[in-house]
Amino acid sequence: MLEISYIRENKEHVIERLAHRGFDGREVIEKIATADENRRKVQTTLDRNLAEANQMARKIGELFKSGQKDEANALRAQTGELKESNRQLESEMHAYEQELKELLYHVPNLPHQLVPTGKTAEENELLKGGGEMPQLGQDALPHWELAQKYQLIDFELGVKISGAGFPVYTGQGARLQRALINFFLDQARDAGYREIQPPLVINEASGYGTGQLPDKEGQMYHLERDDLYLIPTAEVPITNLFRDERLSHKEFPVKLTGYTPCFRREAGSYGRDVRGLNRLHQFDKVEIVQVAHPDASYGILDEMVEYVKSLLDQLELPYRVARLCSGDLGFTAALTYDMEVFSAAQQKWLEVSSISNFETFQANRLKLRFKDEHGKSKLAHTLNGSALALPRIVAALLENNQTEQGIRIPKALVPYTGFEWIN
RNA sequence: GGAGAUUUGGCAGAGUGGUCGAAUGCACCGGUCUUGAAAACCGGCGUACCGAGAGGUACCGGGGGUUCGAAUCCCUCAAUCUCCGCCA
C-alpha cells in the first residue's frame, strides 16, 4: 500500500510511475486525494466539536460537585445537539477512512527506476546468467517420463488421493525432495539467515499484510469454517511475523529463512505449461526474507540475487537472470529479479526464483516500523526471494543430468541425498 | 466441547463513572556528584491523527452500546490461564 502522505505530496509523480506499469491511476489517485482531503476536513471539525463536548462534560461534573444542580441540568440539556452532530461526523469520517483504505488497497506499488518498460514477460531484461547448457541426445526424456521410469513421482496416485497438481513423491524421488530442502536451508543458514518454521495456515489480517488480500483471494485455498487460508508462500507468515512491530535500526538487517509447502489454486492457468512438475497446486519451497533499512535495501536485493546464483551454481544448472519489465512486475513489488533454469529436454526456461524489493509497500500495510538513528519512526523495507522452489529445480535436474546409466546427482547434493545416481 | 478467572504504557502493577493518557516500581535517556563506575539525587520518558503554530482529538485486548461524562457499567468477539471432557 502506498503511503498517503507520499501520494498527497507527489500526485503527478505517482500517476506517472503507475502509468509506467501500465496502470492508469489518474482517476483513482484523484479519488484518493479527494477522500484524503475530505477526511482531514471532517477530522478538524470533529476534533473541535469533541473538544467542546469534553469541556461541557467537565463543567457539568464540576457543577454537580459544587451542588449547583439546576445549572448542571441546564447545561446537560444543551449537549444533545452537539452529540448528535458528532455522531454524524464520526460516521462520516469513518466512511472516508474506509473509502481511502479500499482505494489504496487496489493501487499497485511504484516500479523502481531500473524496471524496464514492457507489457509481457517477453520484454523482461535478460541479465547475465551462468552454468553450461547440457547437450542431450535425440532420445532425451522430459522429466515426467523420467519420473515414471525411475519411479520418482506418481502423478496418477496424487490425482486419486487429492487431485491434479498434487504429486506423490516416492523412493529416491521423495529423498531428493528432502535433500534439496535440507541443502537449501543449510546454505541459507551459512549465509546468515535464521531458520523459521511458520504455520502453514494464516488468518485474514496476514493475507492483507503482505498483499495477497484483497486482490489475489482466488489464488489461495480458503478454509471457510475457520476463516483461514493455506499459505501460497512462506513469505506470508514469515513477513507477518513483523506485523505491528517496531524495530530498532540496530537490529538490521533482519534475515530469515523457512521451508514450507506452498499451496496455490492456480485458477485460470489450466492448460498452460502444466505438464509434470511445471505447475502444481502444492509444492515445496525454501524462502528467504529480509527486513531492511531503506537506505540498504537495494544493496541487499543484489546480495540476495547473488546468493540464489550461488545455489544454482552448486546445483550445476544453467540459469539466466531476468529483470522483470513493468508489465510483468507483481502488484506489490518495486523491483523483481526472476531466476530461470534451463530444462534441457523440454527446451524451456523455467522460473525457479523470484526476488523482490517491496520497499515500504508491505511495511505500510503491516505497520512495520523502525526507530532510526535520530529516534524517528519510519517504515522499514521488506524483501524476499525463493531460495529455491523445488519442482522446477527437480525437473531440470532430472532432464539435464540424464545419462544411459541413470540420473546423475550434482556433487553438492550427494551428502544430502546419500546417493550419486538415480537408477 | 463445557465451567470459571484474566486481558491497563517496554516489563511489573494500581486504578469500579468526572479533575485518568492513566499512580508506583523496574528498564531506558539526560544531568548532578565521582579520577572513572556504581549508589544516591534531580529531570525526562507511549502511539497515531488533525493543526502553520498554540494546541486539539483518539487509543487501557478488538468491535459496539449506555451516559452530559467510561480504563471503570452493559453486549459481543478474540486471546491467555485453571479445571473437566476428547485426542495426537
Side-chain angles (χ1 to χ4, degrees), chain A residues 1-9 32-105 197-209 213 223-229 237 240-252 254 291 360 362-380:
Chain A
M1 187 159 71
L2 297 177
E3 294 166 72
I4 184 64
S5 56
Y6 188 83
I7 295 177
R8 200 184 291 152
E9 284 155 32
I32 285 170
T34 307
D36 176 49
E37 211 173 299
N38 287 336
R39 197 213 97 233
R40 285 189 293 155
K41 217 182 287 172
V42 172
Q43 191 186 336
T44 307
T45 317
L46 175 62
D47 281 0
R48 203 172 42 227
N49 287 9
L50 284 173
E52 197 183 326
N54 284 344
Q55 243 170 26
M56 284 171 91
R58 221 165 292 152
K59 206 173 211 166
I60 291 168
E62 278 164 25
L63 288 172
F64 269 123
K65 221 158 228 181
S66 62
Q68 296 166 271
K69 229 174 155 187
D70 294 342
E71 288 88 337
N73 280 325
L75 198 53
R76 203 157 65 154
Q78 290 174 32
T79 58
E81 206 178 312
L82 189 60
K83 221 175 130 182
E84 185 47 41
S85 92
N86 282 352
R87 212 190 288 268
Q88 264 176 37
L89 285 169
E90 232 158 62
S91 78
E92 211 175 309
M93 188 164 97
H94 191 72
Y96 283 131
E97 266 171 357
Q98 212 41 43
E99 184 192 349
L100 194 57
K101 208 156 84 177
E102 273 314 307
L103 291 167
L104 283 170
Y105 272 141
Q197 196 175 94
L200 306 183
V201 296
I202 48 129
N203 57 27
E204 193 180 47
S206 296
Y208 274 93
L213 296 175
L223 311 173
E224 273 184 47
R225 197 185 169 104
D226 297 293
D227 198 16
L228 295 167
Y229 297 85
N240 270 282
L241 257 25
F242 297 94
R243 179 149 46 85
D244 294 321
E245 291 293 325
R246 178 114 133 253
L247 302 168
S248 154
H249 67 278
K250 290 177 203 149
E251 294 173 71
F252 289 139
V254 175
V291 181
T360 59
Q362 292 182 328
N364 191 30
R365 291 182 171 210
L366 293 161
K367 295 202 177 63
L368 163 51
R369 294 171 226 272
F370 72 100
K371 242 185 182 154
D372 72 7
E373 303 76 9
H374 313 290
K376 249 186 94 178
S377 187
K378 287 182 179 165
L379 292 172

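The basis for the numbers below is simple: all heavy atoms, side chains too, and nothing from hydrogens, waters or symmetry mates. Order of the sequence lines fixes the chain letters, A, B, ..., with proteins taken first and strands second; residue numbering starts at 1 for each chain.
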(message) Would you measure the distance from the C1' atom in B:U82 across to the matching atom in B:C28 and give it in whole Å?
(response) 35 Å

(message) Say we look at B:C59 and B:G69: how far apart would their P atoms be, to the nearest angstrom?
(response) 13 Å

(request) State whether the side chain of A:Arg246 and the backbone N or O of A:Lys371 hold a donor-acceptor pair below 3.5 Å, judged by distance alone. (result) no

For [N], take OP1 and OP2 only and decide whether either is under 4.0 Å from a side-chain N or O of [X].
X       : N     : result
A:Arg58 : B:G69 : no
A:Asn54 : B:A58 : yes
A:Lys59 : B:G69 : no
A:Arg76 : B:G18 : no
A:Thr45 : B:C50 : no

From [options], pick the nucleotide closest to the side chain of [X]?
X        : options             : value
A:Ala57  : B:C68, B:U57, B:C50 : B:C68
A:Gln43  : B:G51, B:C49, B:C68 : B:C49
A:Asp47  : B:U47, B:C50, B:G18 : B:C50
A:Leu50  : B:U57, B:C50, B:G18 : B:U57
A:Arg87  : B:U66, B:C68, B:G51 : B:U66
A:Ser377 : B:A48, B:C68, B:C49 : B:A48

(message) Just to be sure I understand the rule, does A:Arg246 reach a base, reach only the sugar-phosphate, or reach nothing, if contact means heavy atoms closer than 4.0 Å?
(response) sugar-phosphate

(message) Nearest heavy atom decides the nucleotide; on that basis, is A:Lys83 or A:Arg8 closer to the 5' end of RNA chain B?
(response) A:Arg8

(request) Please work out whether the ring planes of A:Phe252 and A:Phe370 are parallel, tilted or perpendicular, with thresholds of 30° and 60°. (result) perpendicular

(message) I need the CG-C1' distance between A:Asn86 and B:G56, as an integer number of Å.
(response) 14 Å

(request) For A:Asp227 and B:C77, give me the distance from atom CG to atom P, rounded to whole Å. (result) 16 Å

